[in-house]
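See below for the structure under consideration.
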Amino acid sequence: MKKIIILLFLFAAVIASANEYYSAKIKFLDGDVKEGYAELPSNQLLDNAIKFKESEKGKLIRYDFDIIQYIIYHTDSGKEYLFEWKNIKSIYGSKKNPKESNPTIKYWSLVAFANPAIKCYRTADVYYIDEEEEIQFIIKNNIGLASVSISFLRPNEEVPTMITSSNMESQNMLGRESKFRKSAAYYFKDIPELVKRIDNKELKAENIGELLKAYLVYMENQNSKK
């Protein structure tokens, strides 16, 4: 019952903010840039365009997702949120014989962390901004994503790789840690010392921040040797 109440509260928050526009900057694939006001993106099945206005009371324009590279949103208090429209690949198969999926579907993903050495994305069905102007994530448990995925992208890569999923109370996360170890170890296979720490369960899915920190320390050490 408690979970149902929480879900109803979250959906009410989404409905309340569904038609809310935020100060936004849209970068298109052709290099064009538009500044104005836009709704937050969504990965729901039937959504395929961003609603945009050049001014708060301006005419509504729809821009297809596939012509957009990224959108930057600004809240009234000055917080900034960057969303990118990208494919995401995953790792499947056994730990001994992992394979990469062939990504065919694009998603709107929030850039949760960005550094010249690596980016971390969070991807959900629906996004909304709460009263504290923090981004919140919703999974609808029907069509679409099964959980909030966490993906990494390094400078030499074109497509982010899903590393794990957020531990959401409403989701069945059985085997989450083993899936994380398989994906993370494969992703960082070029760094044996990091793979060893992943396999030894020193670095876990529940603390992606520690994994990112470990990678950045490794890169800093490598650069200092040059």
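Side-chain atoms are counted along with the backbone in the values below, which use heavy atoms only and exclude waters and symmetry mates.
Summarising the geometry of K34 relative to Y63, their closest heavy-atom pair is CE-OH, 3.7 Å, with the distance given to 0.1 Å. In terms of heavy-atom proximity, A49 sits nearest to R62 at CB-CB, 4.1 Å. Minimum interatomic distance between P160 and S151 (heavy atoms only, all atoms of both residues): CB-CB, 3.9 Å. Annotation for W108 and S42: closest pair CD1-O, 3.8 Å, computed over non-hydrogen atoms. A185 and K95 make their closest contact through CB-NZ, 4.1 Å (heavy atoms, listed as atom of the first residue, atom of the second, distance). Residues E158 and L153 come closest through the heavy atom pair C-CD1, 4.0 Å.
In this structure, K53 and Y21 have side chains that are in contact, with non-hydrogen atoms separated by less than 4.5 Å. Between I91 and E100 the shortest side-chain heavy-atom distance falls below 4.5 Å. Here the side chains of I71 and I26 are in contact, with some heavy-atom distance below 4.5 Å. Side-chain contact between Y37 and K51 is absent, with no heavy atoms from C-beta onward closer than 4.5 Å. At a threshold of 4.5 Å between non-hydrogen side-chain atoms, the residues Y127 and F83 count as touching. A 4.5 Å side-chain heavy-atom check between R154 and D190 finds at least one atom pair inside the cut-off. For the pair F137/L110, a side-chain contact is recorded, criterion being any heavy-atom separation below 4.5 Å from C-beta on. Taking the side chain as every heavy atom from C-beta outward, D30 and I67 never approach each other to under 4.5 Å.
When hydrophobic clusters are built by joining Ile, Leu, Val, Met, Phe, Trp and Tyr residues whose side-chain heavy atoms come closer than 4.5 Å, directly or via intermediates, F152 is grouped together with F113. Grouping the Ile, Leu, Val, Met, Phe, Trp and Tyr side chains by contacts below 4.5 angstrom, directly or via other members, places V126 apart from V111. By the rule that hydrophobic residues join a cluster once side-chain heavy atoms approach within less than 4.5 Å of another member, Y121 and L82 end up as members of one cluster. Follow the hydrophobic side-chain contacts under 4.5 Å out from I118 and you reach I198 in the same cluster. Under the 4.5 Å side-chain contact rule for hydrophobic residues, L216 and F188 share a cluster.
For the atom pair K86 NZ and S109 OG, the distance stands at 9.0 Å (nearest 0.5 Å). The CZ atom of F180 lies 12.5 Å from the OH atom of Y187; values are rounded to the nearest 0.5 Å. Taking CG of L212 as the reference point, atom CG of N115 lies at 9.0 Å (rounded to 0.5 Å). Of the inter-residue distances, the one linking E133 atom CD with S77 atom OG reads 3.5 Å to the nearest 0.5 angstrom. To the nearest 0.5 Å, atom CG of residue D199 and atom NZ of residue K182 are 13.0 Å apart. Here the CD1-OG1 distance, from I150 to T161, works out to 14.0 Å after rounding to the nearest 0.5 Å.
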Q: In sequence, state the C-alpha distance, the side-chain angles, and the governing distance for I191 and E193, and then conclude on side chain to side chain contact (heavy atoms under 4.5 Å, CB included).
A: CA-CA 6 Å; I191 311 175; E193 62 186 75; 3.9 Å; yes
Q. Would T123 and V148 count as a side chain to side chain contact (heavy atoms under 4.5 Å, CB included) if you check the C-alpha gap in whole Å, the side-chain angles of each, and the deciding distance to 0.1 Å?
A. CA-CA 5 Å; T123 310; V148 178; 6.0 Å; no
(Q) Is there a side chain to side chain contact (heavy atoms under 4.5 Å, CB included) between E134 and Q136? Walk through the geometry before answering. (A) CA-CA 6 Å; E134 297 290 339; Q136 300 297 332; 4.0 Å; yes
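Pairs of residues two or more places apart, or lying in two chains, that qualify as side-chain hydrogen bond (donor to acceptor under 3.5 Å, both in side chains) and include a residue from residues 64-73 are D66-W85. Contacts classified as side-chain hydrogen bond (donor to acceptor under 3.5 Å, both in side chains) and involving residues 202-218 (residues at least two apart or in different chains) are given here: R197-E202.
For the pair E177 (side chain) and A205 (backbone), a donor-acceptor distance under 3.5 Å is present. With hydrogens and angles disregarded, no donor-acceptor distance shorter than 3.5 Å links the side chain of R176 to the backbone of T164. Using a distance-only test at 3.5 Å, with no hydrogens or angles considered, a donor-acceptor pair links the side chain of S101 to the main chain of S90. For the pair D47 (side chain) and N43 (backbone), a donor-acceptor distance under 3.5 Å is absent.
Under the 3.5 Å distance criterion, with hydrogens and angles disregarded, no donor-acceptor pair is assigned to the side chains of Y128 and E20.
By the neighbour-count criterion of 12 heavy atoms within 6.0 Å, atom NZ of K196 is sparsely surrounded, having that number or fewer from other residues, nucleotides or ligands. More than 12 heavy atoms of other residues, nucleotides or ligands lie within 6.0 Å of NZ in K79, so this atom counts as buried by the packing criterion.
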